Undergrad: 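Below is one structure. I have some questions about it.
None of the values given here were measured: they were computed from a predicted structure.
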Amino acid sequence: MAMSEEEIPDTAQHYLVCGTEDCKKNCQFYCNPCHRELCEQCRDKHQTNPDTENHEVVPYKQRRPKLPEVKCKLHSTRNVEILCKECNIPLCPKCIFLEEHSGHKFDDLEESYAEKVKLCRNKITKIKEYFLLTSTELKTEIKGDKTRIEETMNDIRKSINAEAESLKDLVDKVTSDKLTQANTIEDSLKKSLESQETIFDDYIAYIDQLMKDFHSYLSSSNFEVLFSEDFENLKIQSIPETTQPVLPVYTAGQFCKDDVTKLLGSINCPNTKPDTRKIKSIETVSTQLKPTGNEIRRDREKSDVKKTLSMSSSVSKVREYTVTGVDSVHHISLGKSGRRWASDIRGNLVQTDLQGNQLQKIQTNVGYGYHTVTQDWDLIYTDRKNKVINRITQDNTVTEFIKTGDWEPISIHFSHINGDILVGMRKDGKAKVTRYNKTGEEIQNIQRDNKGQDLYGDPHYITENINGDVCTSDYDKHAVVVVNKSGQHRFSYTGQGSWFCPYGICTDLLGHILICDSYTEINTVHLLDQDGQFLSFLLPKKVNSTSVCVDNENNLHVGDLDTNTVKVYKYLQ
(Lines give C-alpha, C1' and ligand atoms only; values in the text may rest on other atoms or scores of the structure.)
Protein backbone atom coordinates (compact mmCIF):
# COMPACT_ATOMS: atom_id res chain seq x y z
CA MET A 1 0.00 0.00 0.00
CA ALA A 2 1.28 3.51 -0.82
CA MET A 3 2.58 5.60 2.08
CA SER A 4 1.32 9.11 2.67
CA GLU A 5 3.68 12.03 2.21
CA GLU A 6 3.88 12.60 5.97
CA GLU A 7 4.78 8.97 6.64
CA ILE A 8 7.78 8.92 4.32
CA PRO A 9 11.01 9.93 6.13
CA ASP A 10 13.87 11.69 4.33
CA THR A 11 15.84 8.44 4.21
CA ALA A 12 12.95 6.22 3.14
CA GLN A 13 13.43 3.69 0.36
CA HIS A 14 9.76 3.84 -0.72
CA TYR A 15 7.75 5.72 -3.30
CA LEU A 16 4.06 6.40 -3.80
CA VAL A 17 2.27 3.91 -6.04
CA CYS A 18 -1.02 4.14 -7.88
CA GLY A 19 -4.08 3.17 -5.83
CA THR A 20 -5.73 1.35 -8.74
CA GLU A 21 -5.86 -2.41 -8.25
CA ASP A 22 -2.96 -4.28 -9.94
CA CYS A 23 -1.32 -0.99 -11.03
CA LYS A 24 2.20 -0.57 -9.65
CA LYS A 25 3.16 2.66 -11.41
CA ASN A 26 4.20 5.87 -9.66
CA CYS A 27 1.42 7.91 -8.09
CA GLN A 28 1.39 11.44 -9.51
CA PHE A 29 -2.24 12.51 -9.04
CA TYR A 30 -5.06 12.24 -6.52
CA CYS A 31 -8.84 12.09 -6.88
CA ASN A 32 -10.32 14.15 -4.04
CA PRO A 33 -13.87 12.69 -4.16
CA CYS A 34 -12.58 9.08 -4.31
CA HIS A 35 -9.53 9.70 -2.10
CA ARG A 36 -7.50 7.53 -4.45
CA GLU A 37 -3.90 7.82 -5.68
CA LEU A 38 -3.57 7.73 -9.48
CA CYS A 39 -0.75 7.40 -11.98
CA GLU A 40 -0.90 9.37 -15.22
CA GLN A 41 -2.54 6.57 -17.21
CA CYS A 42 -5.13 5.78 -14.53
CA ARG A 43 -5.89 9.49 -14.17
CA ASP A 44 -6.74 9.67 -17.88
CA LYS A 45 -9.04 6.64 -17.57
CA HIS A 46 -10.62 8.11 -14.44
CA GLN A 47 -11.42 11.38 -16.20
CA THR A 48 -12.92 9.67 -19.26
CA ASN A 49 -15.11 7.29 -17.22
CA PRO A 50 -18.72 8.61 -17.30
CA ASP A 51 -19.09 7.84 -13.58
CA THR A 52 -16.02 9.86 -12.54
CA GLU A 53 -15.36 12.32 -15.37
CA ASN A 54 -16.46 15.28 -13.22
CA HIS A 55 -14.31 14.33 -10.23
CA GLU A 56 -11.68 16.79 -9.02
CA VAL A 57 -8.27 15.25 -9.86
CA VAL A 58 -5.23 17.23 -8.67
CA PRO A 59 -1.44 16.70 -8.41
CA TYR A 60 -0.78 14.45 -5.43
CA LYS A 61 0.75 17.18 -3.26
CA GLN A 62 -2.33 19.36 -3.76
CA ARG A 63 -4.67 16.63 -2.54
CA ARG A 64 -7.35 17.21 0.11
CA PRO A 65 -6.66 14.96 3.11
CA LYS A 66 -9.15 12.23 3.86
CA LEU A 67 -11.04 12.61 7.10
CA PRO A 68 -9.88 9.92 9.58
CA GLU A 69 -12.49 7.44 10.76
CA VAL A 70 -12.92 8.54 14.37
CA LYS A 71 -15.83 7.17 16.41
CA CYS A 72 -18.16 9.54 18.23
CA LYS A 73 -17.72 9.42 22.01
CA LEU A 74 -21.48 9.52 22.57
CA HIS A 75 -22.60 7.34 19.65
CA SER A 76 -20.03 4.59 19.28
CA THR A 77 -21.45 3.25 16.01
CA ARG A 78 -21.15 6.61 14.24
CA ASN A 79 -18.11 8.42 12.86
CA VAL A 80 -17.60 12.14 13.47
CA GLU A 81 -18.36 14.06 10.26
CA ILE A 82 -19.54 17.51 11.41
CA LEU A 83 -17.86 20.41 13.24
CA CYS A 84 -19.88 22.53 15.66
CA LYS A 85 -18.65 26.08 14.93
CA GLU A 86 -19.80 27.40 18.34
CA CYS A 87 -18.21 24.63 20.42
CA ASN A 88 -15.36 23.81 17.99
CA ILE A 89 -16.05 20.11 18.63
CA PRO A 90 -16.26 17.27 16.06
CA LEU A 91 -19.68 15.61 16.07
CA CYS A 92 -21.48 12.71 14.44
CA PRO A 93 -24.81 13.33 12.62
CA LYS A 94 -26.82 12.32 15.71
CA CYS A 95 -25.03 14.80 17.97
CA ILE A 96 -26.43 17.82 16.16
CA PHE A 97 -29.86 17.06 17.65
CA LEU A 98 -28.54 17.22 21.23
CA GLU A 99 -29.85 20.07 23.36
CA GLU A 100 -26.38 21.54 24.02
CA HIS A 101 -25.95 22.13 20.28
CA SER A 102 -29.41 23.55 19.70
CA GLY A 103 -29.26 26.61 17.41
CA HIS A 104 -25.57 26.16 16.71
CA LYS A 105 -24.01 26.46 13.27
CA PHE A 106 -22.17 23.49 11.76
CA ASP A 107 -19.44 22.99 9.16
CA ASP A 108 -18.27 20.05 7.07
CA LEU A 109 -15.62 18.46 9.27
CA GLU A 110 -13.58 17.24 6.30
CA GLU A 111 -13.10 20.82 5.08
CA SER A 112 -12.16 22.04 8.55
CA TYR A 113 -9.80 19.10 8.96
CA ALA A 114 -8.18 19.93 5.61
CA GLU A 115 -7.55 23.51 6.83
CA LYS A 116 -5.95 22.23 10.05
CA VAL A 117 -3.75 19.80 8.11
CA LYS A 118 -2.75 22.63 5.78
CA LEU A 119 -1.86 24.76 8.81
CA CYS A 120 0.31 21.96 10.20
CA ARG A 121 2.08 21.51 6.87
CA ASN A 122 2.68 25.26 6.63
CA LYS A 123 4.18 25.25 10.13
CA ILE A 124 6.41 22.32 9.21
CA THR A 125 7.52 24.08 6.04
CA LYS A 126 8.21 27.29 7.96
CA ILE A 127 10.28 25.40 10.53
CA LYS A 128 12.32 23.59 7.87
CA GLU A 129 12.78 26.49 5.47
CA TYR A 130 13.30 29.30 7.99
CA PHE A 131 13.87 28.39 11.64
CA LEU A 132 15.97 25.27 11.07
CA LEU A 133 17.78 26.61 8.01
CA THR A 134 18.54 30.00 9.58
CA SER A 135 19.74 28.41 12.83
CA THR A 136 22.01 26.05 10.92
CA GLU A 137 23.43 28.98 8.94
CA LEU A 138 24.11 30.92 12.15
CA LYS A 139 25.83 27.90 13.65
CA THR A 140 27.98 27.65 10.52
CA GLU A 141 28.82 31.34 10.94
CA ILE A 142 29.93 30.65 14.51
CA LYS A 143 32.26 27.91 13.29
CA GLY A 144 33.65 30.36 10.73
CA ASP A 145 34.30 32.84 13.53
CA LYS A 146 36.23 30.18 15.40
CA THR A 147 38.41 29.68 12.33
CA ARG A 148 38.99 33.43 12.07
CA ILE A 149 40.01 33.52 15.71
CA GLU A 150 42.53 30.77 15.09
CA GLU A 151 43.90 32.55 12.03
CA THR A 152 44.14 35.88 13.85
CA MET A 153 45.79 34.33 16.87
CA ASN A 154 48.22 32.45 14.64
CA ASP A 155 49.22 35.75 13.04
CA ILE A 156 49.66 37.32 16.46
CA ARG A 157 51.81 34.41 17.61
CA LYS A 158 53.99 34.79 14.52
CA SER A 159 54.51 38.47 15.32
CA ILE A 160 55.39 37.70 18.92
CA ASN A 161 57.87 35.02 17.88
CA ALA A 162 59.44 37.32 15.27
CA GLU A 163 60.15 40.01 17.88
CA ALA A 164 61.28 37.44 20.40
CA GLU A 165 63.80 36.03 17.90
CA SER A 166 65.28 39.52 17.39
CA LEU A 167 65.70 40.15 21.10
CA LYS A 168 67.08 36.62 21.71
CA ASP A 169 67.71 35.70 25.36
CA LEU A 170 66.55 39.06 26.73
CA VAL A 171 62.95 38.40 25.66
CA ASP A 172 62.59 34.70 26.56
CA LYS A 173 60.72 35.31 29.78
CA VAL A 174 58.53 38.08 28.32
CA THR A 175 57.78 35.97 25.22
CA SER A 176 56.59 33.12 27.38
CA ASP A 177 54.27 35.46 29.27
CA LYS A 178 52.84 36.92 26.07
CA LEU A 179 52.21 33.50 24.52
CA THR A 180 50.46 32.40 27.66
CA GLN A 181 48.34 35.53 27.50
CA ALA A 182 47.46 34.83 23.85
CA ASN A 183 46.45 31.25 24.66
CA THR A 184 44.29 32.43 27.54
CA ILE A 185 42.51 34.97 25.34
CA GLU A 186 41.96 32.38 22.63
CA ASP A 187 40.57 29.88 25.12
CA SER A 188 38.26 32.52 26.53
CA LEU A 189 36.95 33.52 23.08
CA LYS A 190 36.50 29.90 22.03
CA LYS A 191 34.66 29.06 25.24
CA SER A 192 32.32 31.95 24.53
CA LEU A 193 31.62 30.61 21.02
CA GLU A 194 31.25 27.05 22.28
CA SER A 195 28.62 28.34 24.67
CA GLN A 196 26.81 29.87 21.67
CA GLU A 197 27.06 26.57 19.81
CA THR A 198 25.48 24.83 22.78
CA ILE A 199 22.64 27.35 22.71
CA PHE A 200 21.93 26.56 19.04
CA ASP A 201 22.32 22.81 19.61
CA ASP A 202 19.58 23.06 22.25
CA TYR A 203 17.44 25.30 20.02
CA ILE A 204 17.80 23.06 16.97
CA ALA A 205 16.90 20.05 19.13
CA TYR A 206 13.85 21.99 20.32
CA ILE A 207 12.62 22.87 16.82
CA ASP A 208 13.38 19.32 15.59
CA GLN A 209 11.12 18.05 18.38
CA LEU A 210 8.55 20.73 17.58
CA MET A 211 8.49 19.65 13.94
CA LYS A 212 8.01 16.02 15.05
CA ASP A 213 5.14 17.20 17.28
CA PHE A 214 3.47 18.89 14.30
CA HIS A 215 3.95 15.70 12.28
CA SER A 216 2.34 13.73 15.11
CA TYR A 217 -0.68 16.03 15.03
CA LEU A 218 -1.39 14.75 11.53
CA SER A 219 -1.97 11.26 12.93
CA SER A 220 -5.56 10.25 13.51
CA SER A 221 -4.65 9.26 17.08
CA ASN A 222 -3.96 12.94 17.80
CA PHE A 223 -6.97 14.12 15.82
CA GLU A 224 -8.59 16.06 18.66
CA VAL A 225 -5.38 17.95 19.43
CA LEU A 226 -5.87 19.94 16.21
CA PHE A 227 -9.00 21.46 17.73
CA SER A 228 -7.66 22.02 21.24
CA GLU A 229 -6.87 25.37 22.81
CA ASP A 230 -3.26 24.22 23.34
CA PHE A 231 -2.85 23.75 19.58
CA GLU A 232 -4.32 27.17 18.80
CA ASN A 233 -1.98 28.83 21.32
CA LEU A 234 1.12 26.90 20.26
CA LYS A 235 3.96 29.31 19.42
CA ILE A 236 7.44 28.79 18.03
CA GLN A 237 10.18 30.21 20.19
CA SER A 238 12.31 32.87 18.52
CA ILE A 239 15.80 32.07 17.29
CA PRO A 240 18.29 32.90 20.08
CA GLU A 241 20.35 36.02 19.71
CA THR A 242 24.12 35.55 19.93
CA THR A 243 27.09 37.86 19.57
CA GLN A 244 30.05 37.84 17.24
CA PRO A 245 33.51 37.69 18.85
CA VAL A 246 35.64 40.79 19.03
CA LEU A 247 39.07 39.71 17.87
CA PRO A 248 42.16 40.94 19.71
CA VAL A 249 44.65 43.22 17.96
CA TYR A 250 48.37 42.88 18.30
CA THR A 251 50.34 46.10 18.77
CA ALA A 252 54.02 45.81 17.93
CA GLY A 253 56.58 47.14 20.44
CA GLN A 254 59.94 48.95 20.30
CA PHE A 255 63.27 47.17 20.90
CA CYS A 256 65.04 48.23 24.12
CA LYS A 257 67.30 46.22 26.43
CA ASP A 258 66.41 48.28 29.50
CA ASP A 259 62.71 47.54 29.48
CA VAL A 260 62.04 44.28 27.65
CA THR A 261 58.53 43.99 28.91
CA LYS A 262 57.53 47.38 27.51
CA LEU A 263 59.27 46.83 24.20
CA LEU A 264 57.53 43.60 23.25
CA GLY A 265 54.20 43.99 21.55
CA SER A 266 51.03 43.47 23.51
CA ILE A 267 47.73 41.76 22.79
CA ASN A 268 44.70 43.95 23.28
CA CYS A 269 41.06 43.00 23.19
CA PRO A 270 39.18 46.09 21.95
CA ASN A 271 36.71 47.44 24.46
CA THR A 272 33.99 47.19 21.81
CA LYS A 273 30.49 45.84 22.30
CA PRO A 274 30.09 42.67 20.21
CA ASP A 275 27.75 43.02 17.22
CA THR A 276 24.56 41.01 17.46
CA ARG A 277 24.41 38.38 14.76
CA LYS A 278 21.94 39.34 12.05
CA ILE A 279 18.97 37.00 11.81
CA LYS A 280 17.27 37.37 8.45
CA SER A 281 13.55 37.97 8.67
CA ILE A 282 11.19 35.26 7.52
CA GLU A 283 9.79 37.64 4.90
CA THR A 284 13.14 37.82 3.08
CA VAL A 285 13.65 34.09 2.75
CA SER A 286 11.86 34.08 -0.62
CA THR A 287 12.81 36.98 -2.91
CA GLN A 288 11.18 37.93 -6.19
CA LEU A 289 12.88 37.96 -9.56
CA LYS A 290 14.83 41.14 -10.22
CA PRO A 291 14.72 41.85 -13.97
CA THR A 292 17.99 42.19 -15.81
CA GLY A 293 18.73 43.29 -19.34
CA ASN A 294 21.54 40.84 -19.98
CA GLU A 295 21.15 38.56 -22.98
CA ILE A 296 21.88 34.83 -22.82
CA ARG A 297 25.55 34.19 -23.44
CA ARG A 298 26.07 32.87 -26.98
CA ASP A 299 29.45 31.34 -26.35
CA ARG A 300 29.00 28.83 -23.49
CA GLU A 301 32.72 28.07 -23.27
CA LYS A 302 34.54 31.41 -22.93
CA SER A 303 37.90 30.40 -21.50
CA ASP A 304 38.35 33.52 -19.37
CA VAL A 305 35.04 32.89 -17.56
CA LYS A 306 35.70 29.19 -17.14
CA LYS A 307 39.08 29.79 -15.50
CA THR A 308 37.53 31.98 -12.80
CA LEU A 309 34.69 29.58 -11.95
CA SER A 310 34.72 26.95 -9.21
CA MET A 311 32.20 25.15 -7.02
CA SER A 312 30.95 27.32 -4.17
CA SER A 313 31.29 25.98 -0.64
CA SER A 314 27.54 26.32 -0.23
CA VAL A 315 24.48 26.67 -2.45
CA SER A 316 22.37 29.78 -1.86
CA LYS A 317 18.94 30.70 -3.17
CA VAL A 318 19.11 34.13 -4.82
CA ARG A 319 15.52 34.59 -6.00
CA GLU A 320 12.39 32.93 -7.31
CA TYR A 321 9.79 33.83 -9.92
CA THR A 322 6.56 32.56 -11.41
CA VAL A 323 5.80 31.69 -15.03
CA THR A 324 2.28 32.67 -15.97
CA GLY A 325 0.34 30.41 -18.32
CA VAL A 326 1.62 27.01 -17.11
CA ASP A 327 0.49 24.71 -14.29
CA SER A 328 4.02 23.51 -13.55
CA VAL A 329 7.49 24.10 -14.98
CA HIS A 330 8.54 20.86 -16.69
CA HIS A 331 11.08 22.51 -19.02
CA ILE A 332 12.78 25.91 -19.37
CA SER A 333 14.57 27.50 -22.33
CA LEU A 334 16.18 30.91 -21.84
CA GLY A 335 15.85 33.31 -24.76
CA LYS A 336 16.96 36.77 -25.83
CA SER A 337 17.18 39.60 -23.26
CA GLY A 338 16.30 37.28 -20.41
CA ARG A 339 12.98 36.18 -21.89
CA ARG A 340 11.90 32.68 -21.01
CA TRP A 341 10.08 29.82 -22.69
CA ALA A 342 8.51 27.36 -20.27
CA SER A 343 6.20 24.37 -20.65
CA ASP A 344 4.15 22.09 -18.43
CA ILE A 345 3.03 18.47 -18.68
CA ARG A 346 -0.26 19.52 -20.32
CA GLY A 347 1.56 20.89 -23.36
CA ASN A 348 1.21 24.60 -22.55
CA LEU A 349 4.21 26.42 -24.05
CA VAL A 350 4.52 30.09 -23.09
CA GLN A 351 6.98 32.92 -23.50
CA THR A 352 7.27 35.53 -20.73
CA ASP A 353 9.33 38.66 -20.17
CA LEU A 354 11.45 39.43 -17.12
CA GLN A 355 8.42 40.66 -15.18
CA GLY A 356 6.53 37.39 -15.82
CA ASN A 357 4.13 38.93 -18.32
CA GLN A 358 2.96 36.43 -20.91
CA LEU A 359 4.12 37.36 -24.42
CA GLN A 360 3.03 34.31 -26.36
CA LYS A 361 1.27 30.99 -25.70
CA ILE A 362 1.08 27.85 -27.84
CA GLN A 363 -0.92 24.71 -27.11
CA THR A 364 1.18 21.67 -28.02
CA ASN A 365 0.74 17.94 -27.47
CA VAL A 366 3.87 17.05 -25.50
CA GLY A 367 5.16 18.04 -22.09
CA TYR A 368 8.80 17.28 -21.35
CA GLY A 369 12.11 18.55 -22.77
CA TYR A 370 10.70 19.37 -26.18
CA HIS A 371 11.86 22.93 -26.86
CA THR A 372 15.17 24.78 -27.17
CA VAL A 373 16.46 28.19 -28.28
CA THR A 374 18.90 28.56 -31.21
CA GLN A 375 21.85 30.92 -31.51
CA ASP A 376 19.59 33.24 -33.56
CA TRP A 377 17.11 33.32 -30.63
CA ASP A 378 14.51 31.31 -32.57
CA LEU A 379 12.58 28.68 -30.64
CA ILE A 380 12.36 25.16 -32.07
CA TYR A 381 10.03 22.57 -30.57
CA THR A 382 8.84 19.06 -31.31
CA ASP A 383 5.32 18.17 -32.46
CA ARG A 384 4.95 14.55 -31.41
CA LYS A 385 1.52 14.04 -32.97
CA ASN A 386 2.47 15.28 -36.45
CA LYS A 387 6.07 14.04 -36.24
CA VAL A 388 7.65 17.36 -37.12
CA ILE A 389 9.92 19.97 -35.54
CA ASN A 390 8.62 23.53 -35.72
CA ARG A 391 10.48 26.84 -35.60
CA ILE A 392 9.23 30.14 -34.14
CA THR A 393 11.22 33.11 -35.44
CA GLN A 394 11.71 36.49 -33.77
CA ASP A 395 8.68 37.92 -35.59
CA ASN A 396 6.55 35.08 -34.09
CA THR A 397 6.18 33.23 -37.41
CA VAL A 398 5.68 29.48 -36.92
CA THR A 399 7.08 27.26 -39.66
CA GLU A 400 7.59 23.54 -40.14
CA PHE A 401 11.36 22.98 -39.93
CA ILE A 402 12.11 19.23 -39.93
CA LYS A 403 9.98 16.16 -40.69
CA THR A 404 10.98 13.08 -38.68
CA GLY A 405 9.21 10.46 -40.80
CA ASP A 406 7.80 7.55 -38.79
CA TRP A 407 9.71 8.56 -35.65
CA GLU A 408 7.98 10.48 -32.87
CA PRO A 409 10.19 13.40 -31.69
CA ILE A 410 10.19 13.77 -27.90
CA SER A 411 13.10 15.91 -26.68
CA ILE A 412 15.32 18.45 -28.42
CA HIS A 413 18.50 20.47 -27.78
CA PHE A 414 20.37 23.07 -29.83
CA SER A 415 24.17 22.66 -29.69
CA HIS A 416 26.09 25.80 -28.74
CA ILE A 417 29.28 24.07 -29.90
CA ASN A 418 28.52 23.59 -33.61
CA GLY A 419 24.87 24.56 -34.15
CA ASP A 420 23.67 20.95 -34.54
CA ILE A 421 20.23 19.90 -33.32
CA LEU A 422 19.89 16.78 -31.13
CA VAL A 423 16.48 15.07 -31.04
CA GLY A 424 15.33 12.15 -28.88
CA MET A 425 12.80 9.95 -30.73
CA ARG A 426 10.60 6.86 -30.35
CA LYS A 427 8.91 4.42 -32.73
CA ASP A 428 7.26 1.03 -32.08
CA GLY A 429 8.96 0.53 -28.72
CA LYS A 430 12.38 1.60 -30.03
CA ALA A 431 14.21 4.84 -29.30
CA LYS A 432 17.17 6.77 -30.67
CA VAL A 433 18.92 10.15 -30.73
CA THR A 434 19.23 11.82 -34.12
CA ARG A 435 21.60 14.68 -34.96
CA TYR A 436 20.63 17.28 -37.58
CA ASN A 437 22.76 20.13 -38.88
CA LYS A 438 21.52 23.73 -38.69
CA THR A 439 19.74 23.41 -42.04
CA GLY A 440 17.74 20.38 -40.85
CA GLU A 441 19.74 17.67 -42.66
CA GLU A 442 20.03 14.34 -40.78
CA ILE A 443 23.73 13.59 -40.16
CA GLN A 444 23.85 11.00 -37.33
CA ASN A 445 21.71 8.35 -35.59
CA ILE A 446 22.60 6.99 -32.14
CA GLN A 447 20.63 3.92 -31.11
CA ARG A 448 22.78 0.98 -29.88
CA ASP A 449 25.99 0.42 -27.93
CA ASN A 450 29.01 -1.53 -29.20
CA LYS A 451 27.34 -4.80 -28.07
CA GLY A 452 24.23 -4.13 -30.14
CA GLN A 453 22.05 -3.37 -27.10
CA ASP A 454 19.49 -0.55 -27.21
CA LEU A 455 20.81 2.57 -25.50
CA TYR A 456 17.47 4.31 -25.03
CA GLY A 457 13.89 3.60 -24.00
CA ASP A 458 12.32 7.03 -23.54
CA PRO A 459 14.80 9.92 -24.08
CA HIS A 460 12.52 12.65 -22.74
CA TYR A 461 15.22 15.24 -21.90
CA ILE A 462 18.48 15.82 -23.78
CA THR A 463 21.48 18.16 -23.59
CA GLU A 464 25.14 18.44 -24.63
CA ASN A 465 28.26 18.82 -22.48
CA ILE A 466 31.28 21.05 -23.17
CA ASN A 467 33.28 18.05 -24.44
CA GLY A 468 30.59 17.18 -27.02
CA ASP A 469 29.02 14.35 -24.99
CA VAL A 470 25.30 13.84 -25.58
CA CYS A 471 23.54 13.46 -22.21
CA THR A 472 20.00 12.06 -22.10
CA SER A 473 17.48 11.56 -19.28
CA ASP A 474 15.74 8.28 -20.04
CA TYR A 475 12.52 7.59 -18.15
CA ASP A 476 12.21 3.91 -19.15
CA LYS A 477 15.87 3.10 -18.43
CA HIS A 478 15.75 5.02 -15.11
CA ALA A 479 19.16 6.36 -16.09
CA VAL A 480 21.09 9.22 -17.59
CA VAL A 481 22.69 7.81 -20.75
CA VAL A 482 25.86 9.56 -21.98
CA VAL A 483 27.56 8.98 -25.34
CA ASN A 484 30.45 10.85 -26.92
CA LYS A 485 30.05 13.01 -30.03
CA SER A 486 30.73 9.94 -32.19
CA GLY A 487 27.83 8.09 -30.56
CA GLN A 488 29.96 5.66 -28.48
CA HIS A 489 28.47 4.81 -25.09
CA ARG A 490 30.57 6.32 -22.28
CA PHE A 491 28.51 5.61 -19.16
CA SER A 492 25.04 5.43 -17.68
CA TYR A 493 24.21 6.98 -14.30
CA THR A 494 21.43 5.23 -12.33
CA GLY A 495 21.18 7.40 -9.23
CA GLN A 496 22.02 6.95 -5.55
CA GLY A 497 18.99 5.07 -4.25
CA SER A 498 16.71 2.14 -4.95
CA TRP A 499 14.70 4.21 -7.43
CA PHE A 500 15.93 6.87 -9.86
CA CYS A 501 13.56 8.94 -11.99
CA PRO A 502 15.61 11.42 -14.09
CA TYR A 503 13.83 14.39 -15.62
CA GLY A 504 15.31 17.80 -16.51
CA ILE A 505 19.02 17.80 -17.37
CA CYS A 506 21.60 20.48 -18.19
CA THR A 507 25.37 21.09 -18.10
CA ASP A 508 27.51 24.07 -17.08
CA LEU A 509 30.78 25.72 -18.10
CA LEU A 510 32.79 23.34 -15.88
CA GLY A 511 31.35 20.23 -17.56
CA HIS A 512 29.11 19.30 -14.62
CA ILE A 513 25.95 17.36 -15.39
CA LEU A 514 22.88 18.42 -13.36
CA ILE A 515 19.84 16.14 -13.24
CA CYS A 516 16.41 16.50 -11.61
CA ASP A 517 15.34 13.38 -9.75
CA SER A 518 11.52 13.54 -9.60
CA TYR A 519 8.80 11.34 -8.08
CA THR A 520 11.26 9.62 -5.72
CA GLU A 521 12.14 9.78 -2.04
CA ILE A 522 15.15 11.96 -2.95
CA ASN A 523 13.48 14.48 -5.29
CA THR A 524 16.43 16.86 -5.71
CA VAL A 525 19.18 17.78 -8.19
CA HIS A 526 22.11 15.37 -8.68
CA LEU A 527 25.51 16.86 -9.55
CA LEU A 528 27.95 14.75 -11.62
CA ASP A 529 31.31 15.49 -13.19
CA GLN A 530 31.62 15.02 -16.95
CA ASP A 531 32.80 11.43 -16.46
CA GLY A 532 29.67 10.42 -14.53
CA GLN A 533 31.17 10.53 -11.05
CA PHE A 534 28.54 11.52 -8.47
CA LEU A 535 29.63 14.66 -6.62
CA SER A 536 26.70 15.64 -4.43
CA PHE A 537 23.02 16.36 -4.07
CA LEU A 538 23.09 20.02 -5.03
CA LEU A 539 19.87 20.98 -3.19
CA PRO A 540 18.02 19.65 -0.13
CA LYS A 541 15.83 16.61 -0.60
CA LYS A 542 12.22 17.01 -1.75
CA VAL A 543 12.59 20.35 -3.53
CA ASN A 544 10.01 19.20 -6.13
CA SER A 545 12.43 19.75 -9.01
CA THR A 546 11.52 18.73 -12.55
CA SER A 547 13.52 21.04 -14.85
CA VAL A 548 16.93 22.73 -14.71
CA CYS A 549 18.96 25.19 -16.77
CA VAL A 550 22.00 27.40 -16.17
CA ASP A 551 21.76 31.05 -17.27
CA ASN A 552 24.42 33.45 -18.53
CA GLU A 553 25.24 34.49 -14.95
CA ASN A 554 25.96 30.82 -14.06
CA ASN A 555 22.86 30.67 -11.86
CA LEU A 556 20.84 27.46 -11.68
CA HIS A 557 17.12 27.77 -12.49
CA VAL A 558 15.03 24.92 -11.03
CA GLY A 559 11.42 24.48 -12.22
CA ASP A 560 8.84 23.22 -9.73
CA LEU A 561 6.97 19.95 -10.24
CA ASP A 562 3.64 21.07 -8.81
CA THR A 563 3.49 24.85 -9.34
CA ASN A 564 4.54 27.48 -11.88
CA THR A 565 7.43 28.60 -9.65
CA VAL A 566 11.11 28.69 -10.61
CA LYS A 567 13.79 28.97 -7.91
CA VAL A 568 17.22 30.38 -8.78
CA TYR A 569 20.37 29.23 -6.96
CA LYS A 570 24.02 30.31 -6.91
CA TYR A 571 26.30 27.26 -6.81
CA LEU A 572 29.38 28.48 -8.71
CA GLN A 573 31.74 31.25 -7.65
Undergrad: Sequence neighbours left out, what passes side chain to side chain contact (heavy atoms under 4.5 Å, CB included) with Thr243? Give chain and number order.
TA: Gln196, Pro274
Undergrad: With distance as the sole test, does Ser547 use its side chain to make a donor-acceptor pair with the main-chain N or O of Val329 at under 3.5 Å?
TA: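 Between the backbone of Val329 and the side chain of Ser547 there is a qualifying donor-acceptor contact (under 3.5 Å).
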Undergrad: Do the side chain of Thr147 and the main chain of Lys143 share a donor and acceptor less than 3.5 angstrom apart?
TA: yes
Undergrad: I want to check something: taking the side chain as every heavy atom from C-beta on, are His416 and Glu464 in contact at a cut-off of under 4.5 Å?
TA: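 Not touching, per the 4.5 Å side-chain cut-off.
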Undergrad: Is the closest side-chain heavy-atom distance between Asn26 and Trp499 below 4.5 Å?
TA: yes
Undergrad: Is there side-chain contact between His478 and Thr494, with at least one heavy-atom pair below 4.5 Å?
TA: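 Side-chain contact under 4.5 Å: no.
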Undergrad: Compare all side-chain heavy atoms of Lys317 with those of Val568 and state whether any distance is below 4.5 angstrom.
TA: no
Undergrad: Backbone N or O of Gln530 within a donor-acceptor pair of the Arg490 side chain at under 3.5 Å?
TA: yes
Undergrad: What orientation do Phe231 and Tyr217 show, parallel under 30°, tilted 30 to 60°, or perpendicular over 60°?
TA: perpendicular
Undergrad: Gln209 and Asp213: side-chain donor and acceptor closer than 3.5 Å?
TA: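 A donor-acceptor contact under 3.5 Å links the two side chains.
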Undergrad: Given side chains that start at C-beta, do those of Tyr493 and Ile515 come closer than 4.5 Å, heavy atoms only?
TA: yes
Undergrad: Check whether the side chains of Gln28 and Glu37 place a donor and an acceptor atom closer than 3.5 Å, and report yes or no.
TA: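 No donor-acceptor contact under 3.5 Å links the two side chains.
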Undergrad: Is Ser492 reaching over with its side chain to a backbone N or O of Ala479, donor-acceptor style, under 3.5 angstrom?
TA: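 Looks like no, no N/O pair under 3.5 Å.
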Undergrad: Quick one: is the NZ or CZ of Arg157 closer than 6.0 Å to the six-membered ring centre of Tyr250, and within 45° of its axis?
TA: no
Undergrad: Is any side-chain heavy atom of Val525 closer than 4.5 Å to a side-chain heavy atom of Asp517?
TA: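 No - every pair of side-chain heavy atoms lies 4.5 Å or more apart.
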Undergrad: Please check: side-chain N/O of His526 versus main-chain N/O of Leu538, any donor-acceptor pairing under 3.5 Å?
TA: no
Undergrad: Establish, from distance only, whether the side-chain atoms of Asp551 and His557 form a donor-acceptor pair under 3.5 Å.
TA: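 Their side chains do contain a donor-acceptor pair, which is all the 3.5 Å distance test asks for.
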Undergrad: Check whether any side-chain N or O of Ser188 sits under 3.5 Å from a backbone N or O of Thr184 as a donor-acceptor pair, and report yes or no.
TA: no
Undergrad: Treating Ser473 as the side-chain partner and Tyr503 as the backbone partner, does any N or O pair qualify as donor plus acceptor under 3.5 Å?
TA: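 Here the side-chain-to-backbone pair exists.
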